[in-house]
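What follows is a set of notes on a single structure, which appears directly below.
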Amino acid sequence: MKNLGFSWFFCLMIWVTLNCLVGCQKPGAVHVGAVFTFDSVIGRVAKAAMKAAISDINATPTILNGTRLNLIEADANCNAFLGSIEAYQVIEKEVVAFIGPQSSSIAHMISEIANGLQVPLVSYAATDPSLSAKQFPFFVRTVQSDSYQMNAMASLVDFYGWKEVIAIYVDNDYGRNGISALNDELNRRMANAVYKLPLPVRFTQHDIVAVLNQSRLLGPRVYIVHVDPDPGLRIFATAEKLQMMSSNYVWFATDWLSATIDSFASMNRTALSVLQGVVGLRQHIPESNQMKDFISRWRKMQQQGLVKSELNTYGLCAYDTVWTVAHSIDKFINDGNNFTFSLSVKLNDSKTTQMHLEKLKVFDGGAILLDNILNTSFSGLTGPVRFNSDRNIITSGYDVINIDKMAVHIVGFWSNTFGFSVSPPETLQGTKNRHSEIEQKLGKVAWPGGKTKAPRGWVIADDEHPLRIGVPYRASFVDFVTKLNGSHKIAGYCIDVFTEALKFVPYNVPYKFELFGDGQSNPNYGQLVQRVADDVFDAAVGDIAIVKNRTKVVDFSQPYITTGLVIVAPIHNTKSSAWVFLKPFTADMWCMTAGGFFIIAFVIWILEHRVNDAFRGPPRRQLVTMFMFSFSTLFKTNQEVTVSTLGRLVMVVWLFLLMVITSSYTANLTSILTVQQLSSPITGVESLIGNSWPIGYQVGSFAHGYLSDNLNIQRSRLVKLHSPEEYETALRLGPDNGGVAAIVDELSYVELFLSKRTDFGIIGQPFTKSGWGFAFQRDSPLAVDMSTAILKLSETGKLQEIHAKWFCKMGCPGERRGKSEPNQLHLVSFWGLYLLCGLITLVALLIFILRMVRQYARYRRRQMKLCRPSSSVQTTTRCSQVLFNFFDFIDEKEEAIKKMFMQCEVNPVPETPTSTTSTAT
């Protein structure tokens with residue numbers, strides 16, 4: 001029994017040992033599938049690169065030591081159906097991973113297979129943004145998604161300030177989803193529109209011509225081409241034949257173009273002539289010794305005839321993809337995992353036995369291998385190989401390339417972190433500046449046509465397709481715009497403003513006017529604006545008011561005339577106000593007249609003070625006398641009379657001035673009290689709202705909508721009028737006789753209406769503020785340029801000249817209306833009379849002062865000559881004392897001065913003027 005137990009134990013140990021040896025034994029070979037299109041720009045390079053990677057991996061002892069990596073290739077032939085069949089055939093050989101495909105459409109199909117069988121799918125060329133990790137958890141990308149590339153492309157468009165682009169793309173998953181990502185990025189940068197023009201998957205020359213001709217009908221001239229790599233460069237060759245590679249055009253291309261031209265042999269570089277001025281993107285590959293060695297190796301492969309194509313970035317990505325899978329398999333093996341496959345219950349239960357789905361097996365270690373791939377980190381040919389949370393490789397960004405003179409030039413770099421720069425992104429990693437902080441800069445770009453200045457990027461119209469401009473065919477107020485009788489010419493104030501403004505637009509704008517309306521009645525301007533919004537017209541020119549609801553559907557230029565709604569009503573006689581006596585003079589006239597009374601009072605007092613007892617006495621009495629004398633001249637009731645000759649001269653001139661002023665005042669006051677004034681029972685818009693009177697409006701004007709919608713006036717009260725003659729008739733009839741109480745219309749029309757009629761007037765001020773402008777389709781660049789042109793017209797005075805040409809032949813209505821009181825007398829009417837009075841008064845005052853100075857000097861000389869040296873009067877005095885003595889001398893009465901002269905001759909000790917001052921005051 002003892003020996004029997006030992007035997008059982010020995011057998012058990014042998015069985016466990018054998019199982020461990022079998023489980024830990026490394027596989028001799030691991031199969032990896034590769035599905036891609038062999039005969040394609042990317043496929044030819046990828047095929048050679050992957051074979052080189054397999055050779056290097058199997059020759060490197062530090063990775064997969066003892067295990068050989070086999071690459072099972074299958075040709076997808078650029079077809080999603082055939083690619084799926086090839087994928088099924090490859091997966092039957094128990095591959096642990098798929099590499100490829102290069103086509104996004106095929107990747108969608110194979111990703112479903114990879115998900116079901118849990119085989120990681122690692123693509124080096126499928127850039128469709130919709131291949132997401134959430135939908136396809138086993139899909140990994142060693143190339144950046146197009147969402148990243150379209151971020152760079154949108155930044156490039158925004159860098160040059162273009163707002164509208166035309167996207168030409170291939171109509172498959174790769175093209176549609178890539179342009180959708182571009183549209184999102186441009187919208188985020190406030191770009192206005194992306195015009196999408198798809199091409200069939202297998203497009204022909206005829207398809208290209210049709211798309212390009214269709215694009216010429218659009219305004220933008222900025223093209224973004226997003227198609228599969230095309231060695232024939234057919235789109236650009238066709239564009240050159242259609243003369244669309246000129247200096248007016250801008251051509252951008254995604255990285256398909258760089259992959260194509262990088263694959264050209266040196267002898268085929270002449271094909272780059274059709275790409276003059278094209279700007280494209282290329283995946284940025286940091287320079288490294290590893291990449292330089294591989295390029296040298298590629299050259300040797302070309303010399304040996306192993307490779308016919310030049311190396312492009314997708315070839316480098318394919319090489320790194322194989323190494324990524326190899327590193328993950330190596331870790332999978334080193335962690336003690338086995339490559340085992342199991343049958344799928346769902347596939348075994350399927351009755352479609354003719355498809356042999358039972359041969360397909362699920363990779364048991366697929367999730368572990370996928371995790372190893374996502375955690376891979378090594379230095380490859382394309383730089384550091386690491387993956388982000390979206391299972392896309394973390395790349396350095398893109399090179400911005402420019403084709404000029406059949407050579408490819410790198411004009412800058414773009415990265416999501418730093419934006420545009422002229423230095424490679426890896427050299428900026430040590431800086432702290434971010435995208436928003438660093439200066440965005442690119443090198444000099446040669447655009448189509450060879451110019452280095454960025455093209456405008458859009459055209460408004462050309463000679464074949466001129467701008468369609470809608471013009472209102474007015475029946476009234478034709479001075480603004482209408483068709484001339486007996487001709488097809490359209491003229492008017494608005495037309496002149498438009499044509500003059502076009503001269504300041506820095507490019508040619510072919511256009512043609514198209515009449516809107518029948519000419520029998522004024523058209524509806526709201527409908528005219530809507531025609532512009534509906535693309536019936538490209539623009540509308542005329543007396544179009546800028547109002548809120550219209551700005552929602554079109555863009556307006558800068559207003560070229562300011563206007564607003566006003567009320568027009570008949571003029572009636574009315575009683576004057578309590579302050580009507582102030583109306584004959586303006587404020588400055590009143591101030592000047594009042595100032596004249598004060599000046600005359602002061603001058604007469606100076607001239608009469610020495611000779612007239614009425615102007616002497618205590619200071620208070622003198623002040624009362626001088627002002628009473630001055631103001632009493634107005635009524636000719638002054639009791640005091642002037643004695644001096646100079647005083648009488650001043651009074652004569654002053655009384656003449658008063659006679660003219662009082663006569664004018666009386667006449668003007670009489671006119672104000674008798675003539676008609678601008679008054680009406682209607683005092684403003686509030687009185688219109690509060691009553692039930694009928695209100696007239698011009699047919700086609702926005703006034704109807706404003707009165708009914710904004711002011712809530714019943715539509716039954718609104719009466720449409722067609723012409724100025726109907727205005728006049730309706731106002732004269734009045735509300736009780738079938739007419740209207742008032743008319744509400746825009747100020748510009750009303751001024752023209754009142755310029756030939758004096759029986760009506762504007763009540764109050766405009767109760768809306770608006771202007772007239774030219775209407776353009778939304779986001780039209782011409783709207784901005786026309787606004788700038790209108791401002792230049794205003795600055796140069798040309799806008800005022802056009803206005804005067806049409807509306808100021810008999811005096812501008814605005815100038816006539818600008819005077820609030822047209823009957824008032826202004827200072828400018830009497831400035832000559834005031835000047836004459838002022839000059840005579842000033843001369844009289846100067847003569848008086850000179851006489852006093854002469855008299856005082858004479859008195860001082862006699863005093864110094866006749867008085868003894870011992871006199872109390874000093875021969876030298878201070879200047880201030882002299883002035884005081886002089887003023888005291890002037891203050892003396894004339895008779896007292898004469899007595900002083902006589903005493904100075906008789907009495908050896910004469911009295912000084914100051915000794916008698918107290919008795920003379």
State whether the side chain of [X] and the backbone N or O of [Y] hold a donor-acceptor pair below 3.5 Å, judged by distance alone.
X    : Y    : result
N668 : P584 : yes
Q777 : F537 : yes
T768 : L565 : yes
N187 : N183 : yes
S794 : L799 : no
N522 : S476 : yes
T729 : E726 : no
N691 : S687 : yes
W693 : D736 : no
D158 : A154 : no

Do [X] and [Y] come within less than 4.5 Å of each other through their side chains, counting heavy atoms only?
X    : Y    : value
S708 : I713 : no
Y195 : P220 : yes
I495 : F513 : yes
I166 : I224 : no
F776 : M786 : yes
I208 : I168 : no
T551 : I546 : yes

Testing the 3.5 Å rule here: is there a donor-acceptor pair between the side chains of [X] and [Y]?
X    : Y    : result
Y511 : D538 : no
S723 : E725 : yes
R189 : N151 : yes
Y493 : D543 : no

### Message
Can you confirm whether or not the ring centre of Y749 sits under 6.0 Å from the ring centre of W772?
### Response
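Yes, the ring centres sit under 6.0 Å apart.
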### Message
Can you confirm if the aromatic rings of Y560 and F498 lie within a centre distance of less than 6.0 Å?
### Response
no
Hey, are [X] and [Y] close enough for a salt bridge, meaning a charged N less than 4.0 Å from a carboxylate O?
X    : Y    : value
K805 : E801 : no
E795 : K792 : no
D535 : R468 : yes

What distance do [X] atom [atom1] and [Y] atom [atom2] have between them, rounded to the nearest 0.5 Å?
X    : Y    : atom1 : atom2 : value
Q698 : H722 : CD    : NE2   : 10.0 Å
D184 : I179 : CG    : CD1   : 11.0 Å
S692 : R717 : OG    : CZ    : 6.5 Å
M153 : F159 : CE    : CZ    : 14.5 Å
E728 : L721 : CD    : CG    : 12.0 Å
W162 : L186 : CH2   : CG    : 12.5 Å

### Summary
Between P472 and L528 the two heavy atoms that sit nearest each other are CD-CD2, 4.0 Å
### Query
Minimum heavy-atom separation for P455 to V250, with atom names?
CG-CG2, 3.7 Å
#### Entry: Residue from I743, V740, L688, V719 passing side-chain contact (heavy atoms from CB on, under 4.5 Å) with I695
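So, applying the side-chain contact (heavy atoms from CB on, under 4.5 Å) to I695 and each of I743, V740, L688, V719, only L688 qualifies.
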### Query
For the residue pair Y697 and H704, does the interplanar ring angle fall in the parallel (under 30°), tilted (30 to 60°) or perpendicular (over 60°) class?
tilted
### Task
Give me the ring orientation class for Y706 and F702: parallel if the planes are under 30° apart, tilted from 30 to 60°, perpendicular past 60°.
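Plane angle over 60°, so perpendicular.
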### Message
Before you tell me yes or no, could you show the steps for H226 and D146 under side-chain contact (heavy atoms from CB on, under 4.5 Å), namely the whole-Å CA-CA distance, both residues' side-chain angles and the distance that decides it to 0.1 Å?
### Response
CA-CA 10 Å; H226 184 57; D146 272 343; 3.4 Å; yes
#### Entry: Audit row: S215, Y223, side-chain hydrogen bond (donor to acceptor under 3.5 Å, both in side chains) steps and yes/no
CA-CA 9 Å; S215 72; Y223 290 80; 2.7 Å; yes
### Query
Are D171 and R176 close enough, and set up right, to give a salt bridge (charged side-chain N to carboxylate O under 4.0 Å, His left out), and what steps lead you there?
CA-CA 6 Å; D171 195 11; R176 286 190 301 270; 2.9 Å; yes
### Check against side-chain hydrogen bond (donor to acceptor under 3.5 Å, both in side chains), S780 and D555
CA-CA 7 Å; S780 171; D555 284 346; over 6 Å; no
### Query
Within a radius of less than 6.0 Å around CH2 of W831, do more than 12 heavy atoms belonging to other residues, nucleotides or ligands occur?
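Incorrect, the count does not exceed 12.
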### Task
Check the surroundings of atom NZ in K196: do more than 12 heavy atoms from other residues, nucleotides or ligands lie under 6.0 Å from it?
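Buried by this count: over 12 neighbours within 6.0 Å.
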### Task
Check the pair F585, Y665 against ring-ring contact (aromatic ring centres under 6.0 Å, His included), reporting the backbone distance first and the verdict last.
CA-CA 7 Å; F585 288 168; Y665 175 86; 5.4 Å; yes
### Query
Yes or no on salt bridge (charged side-chain N to carboxylate O under 4.0 Å, His left out) for R715 and D709, after CA distance, side-chain angles and deciding distance?
CA-CA 9 Å; R715 293 179 182 267; D709 299 336; 3.3 Å; yes
